[in-house]
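This report concerns only the one structure given below.
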There are 2 protein chains.
Amino acid sequence: MTETHVPIPTLERLAIYLRVLLDAHEAGIQTLSSQEIEQHSGISAAQFRKDLSYFGEFGKPGVGYSVPGLIQCIERILRLDAEQPILLVGAGNIGSALVGYPNFQAHRLRIAAVFDNNFVKIGRPFGELVIQDIARIKEVNADIGARIGIIAVPAHAAQEVADLLVEAGVTGILNFAPTILRVPKHVHVRNVSFLQELAVLSYHATEDALCVNGQVTRGGKDGI
Amino acid sequence: MTETHVPIPTLERLAIYLRVLLDAHEAGIQTLSSQEIEQHSGISAAQFRKDLSYFGEFGKPGVGYSVPGLIQCIERILRLDAEQPILLVGAGNIGSALVGYPNFQAHRLRIAAVFDNNFVKIGRPFGELVIQDIARIKEVNADIGARIGIIAVPAHAAQEVADLLVEAGVTGILNFAPTILRVPKHVHVRNVSFLQELAVLSYHATEDALCVNGQVTRGGKDGI
DNA sequence: GCGAGATTGTGAACCGTTTCACAAATCGCG
DNA sequence: CGCGATTTGTGAAACGGTTCACAATCTCGC
Ligand SMILES: NC(=O)c1ccc[n+]([C@@H]2O[C@H](COP(=O)([O-])OP(=O)(O)OC[C@H]3O[C@@H](n4cnc5c(N)ncnc54)[C@H](O)[C@@H]3O)[C@@H](O)[C@H]2O)c1
Ligand SMILES: NC(=O)c1ccc[n+]([C@@H]2O[C@H](COP(=O)([O-])OP(=O)(O)OC[C@H]3O[C@@H](n4cnc5c(N)ncnc54)[C@H](O)[C@@H]3O)[C@@H](O)[C@H]2O)c1
């Protein structure tokens, strides 16, 4: 284990391992080998061990991994060992699904405040929270200290909201709007795009050959 | 352009290019160079050209790409040129956000039927649809012929629903439940996991060194 | 205490994707 | 028509992540 950059796919898988481990813990299992993790996660044992090797040594040769021990370690790595407050912007359809989602709590991710710019919505209850004015976001986060924000507003408002989130001190953004966000280098953005996912499935859903090819698509000045 | 396997990241980017092109089309722009696509998409011009090269030649040297022409080509590649019907299972929070989402329509993705197993919900309206009994899914899809299904049910029901979807003729599944699905080889699964996304952000949101390391985590029989 | 069996951690090989760099193609203009 | 400016398409190189394979480590039972 050297002090090296951790691949993002590794971090994503860490969250999967954590889920598997929590399930096992629930079931009263004390120890798991990388082989068994493979069974439950669909990720190869070698990959699992390599992933962990970025952070240290957590297993015992000949035995495997202590389930509660590894849970604690992965939680620490992912900063899920202490409560992680999150700002949600956009009290619409997506926002509504998110505030009520109980699984976040199990990972100590807590939506600590909801913001909108619609005066009709501001002040209304939203899950267990009350919708607040987006104009007050910086002020509110001075108390909360959230480092993660979720953008669930229409695409045309996303950049503006991203700027506000960054100004409020957020360094990680989960973006549901179909737009490329421009943010300072120190801010990490992850885009969630159902359309993209469905497009990939759409491509694979049909096996027929494509009708696009050289001589048809290239051509005269009427072009493609 | 040889007949080769297309990387999944390429397909994902294709959906992004399509969005950029549709925006440009909306704005009345007739032609775009790979350089300009880079500006709008955040994806490098070289990457863009390489991505397209898997499918043919679509541009004119010295000019660029015809916006409407390329839109048509990418839509054909992604099978978004004809209406793509989709089955949604789970009339809950996520399902609710999806049925009302207008952007799907712009890509000819249409949620053609919604299913649930809750007798209280079956028969109720859901968006413009009526919630149907999951038990009838195969029968219903005999008419619809959808090849894509969305799983928006609790994790413990996801595998069972996946089996039903496959039996109903679906070859692509978008899975929102936090579980690994076992499906036949010809079926493609894409998982959407907000938890995973947030975990990655959580990791990056703090720059402090980890407290995990060799001598602490490895050790005596009290172990990790 | 020791040998058999199990399992980890990791350098090295492998493989697929991204980036680079340039020849070939097209356009506009004099 | 020809030349300079522009931009494409694509082999080849660079890069980064995954897989492999094995020495090192640990447990258990005798
Ligand atoms: N609903 C879906 O299934 C779905 C799927 C994929 C992507 N998305 C994307 O997610 C985003 C949210 O979708 P939704 O369906 O929840 O939309 P929505 O219209 O239901 O909700 C958007 C909310 O954002 C608020 N808002 C608008 N501008 C704002 C601003 N400047 N500051 C603060 N709040 C503002 C609105 O008042 C509204 O409450 C959109 O970008 C959409 O494209 C949604
Ligand atoms: N809500 C969120 O923000 C969120 C976030 C991430 C992941 N998810 C995941 O998405 C999935 C759906 O979440 P949700 O919040 O919409 O849940 P939900 O409880 O609101 O809705 C689930 C729906 O599925 C139906 N259902 C249950 N078993 C079924 C079966 N066997 N066949 C058909 N229908 C069945 C239920 O009747 C219910 O209507 C869950 O797996 C959840 O973990 C949700």
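Model, not experiment: these values are computed from the prediction. Values below: every heavy atom of this structure, side chains too, minus hydrogens, waters and symmetry copies. Just so it is clear: chains get the letters A, B, ... in the order the sequence lines come, proteins before strands, and each one is counted from 1.
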Any side-chain N or O of [X] below 4.0 angstrom from OP1/OP2 of [N]?
{"X": "A:Ser34", "N": "C:dT8", "value": "yes"}
{"X": "B:Arg13", "N": "C:dT17", "value": "no"}
{"X": "B:Gln35", "N": "D:dT7", "value": "no"}

Rounding to a whole Å, what distance do you find between [X]:[atom1] and [N]:[atom2]?
{"X": "A:Gln47", "N": "C:dC15", "atom1": "CD", "atom2": "C1'", "value": "13 Å"}
{"X": "B:Lys60", "N": "C:dA24", "atom1": "NZ", "atom2": "C1'", "value": "16 Å"}
{"X": "B:Tyr54", "N": "D:dG11", "atom1": "OH", "atom2": "P", "value": "12 Å"}

Which nucleotide sits closest to the side chain of [X]: [options]?
{"X": "A:Lys50", "options": "D:dC26, D:dG17, C:dT10", "answer": "C:dT10"}
{"X": "B:Tyr65", "options": "D:dG9, C:dT18, C:dT8", "answer": "D:dG9"}
{"X": "A:Ser33", "options": "C:dT7, C:dT26, D:dG9", "answer": "C:dT7"}
{"X": "A:Glu57", "options": "D:dG9, C:dG9, D:dG17", "answer": "C:dG9"}
{"X": "A:Pro61", "options": "D:dC26, D:dC22, C:dT18", "answer": "D:dC26"}
{"X": "A:Arg49", "options": "C:dC20, D:dT19, D:dC22", "answer": "D:dC22"}
{"X": "B:Val63", "options": "C:dT26, C:dT19, D:dT18", "answer": "C:dT26"}

Enumerate the salt bridge (Lys or Arg N to Asp or Glu O under 4.0 Å) contacts for residues 158-184 of chain B, please, sequence neighbours excluded, ordered by first and then second residue.
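Pairs touching residues 158-184 of chain B that pass the test: B:Lys138-B:Glu167.
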
5'-most contact on DNA chain C: A:Gly62 or A:Ala46, nearest heavy atom basis?
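It is A:Gly62, whose closest nucleotide lies nearer the 5' terminus.
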
Set of side-chain contact (heavy atoms from CB on, under 4.5 Å) partners for B:Pro178, sequence neighbours left out
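A:Arg19, A:Tyr101, A:Asn103, B:Ala155.
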
Apply side chain to side chain donor-acceptor pair (under 3.5 Å) to residues B:Ser202 and A:Gln84 and explain how you reach the verdict.
CA-CA 8 Å; B:Ser202 177; A:Gln84 184 78 260; 2.7 Å; yes

Mapping A:Asp51 and B:Leu32 to their closest nucleotides on DNA chain D, which lands nearer the 5' end?
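Its nearest nucleotide lies further toward 5', so the answer is B:Leu32.
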
Taking the six-membered ring for Trp, is the centroid-to-centroid distance between B:Tyr65 and B:Tyr17 below 6.0 Å?
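Ring-ring flag for B:Tyr65/B:Tyr17: false, centres at least 6.0 Å apart.
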
A:Leu88 and side-chain contact (heavy atoms from CB on, under 4.5 Å): which single residue from A:Ile148, A:Leu174, A:Val114, A:Ile151 fits?
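The side-chain contact (heavy atoms from CB on, under 4.5 Å) with A:Leu88 is passed solely by A:Val114 among A:Ile148, A:Leu174, A:Val114, A:Ile151.
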
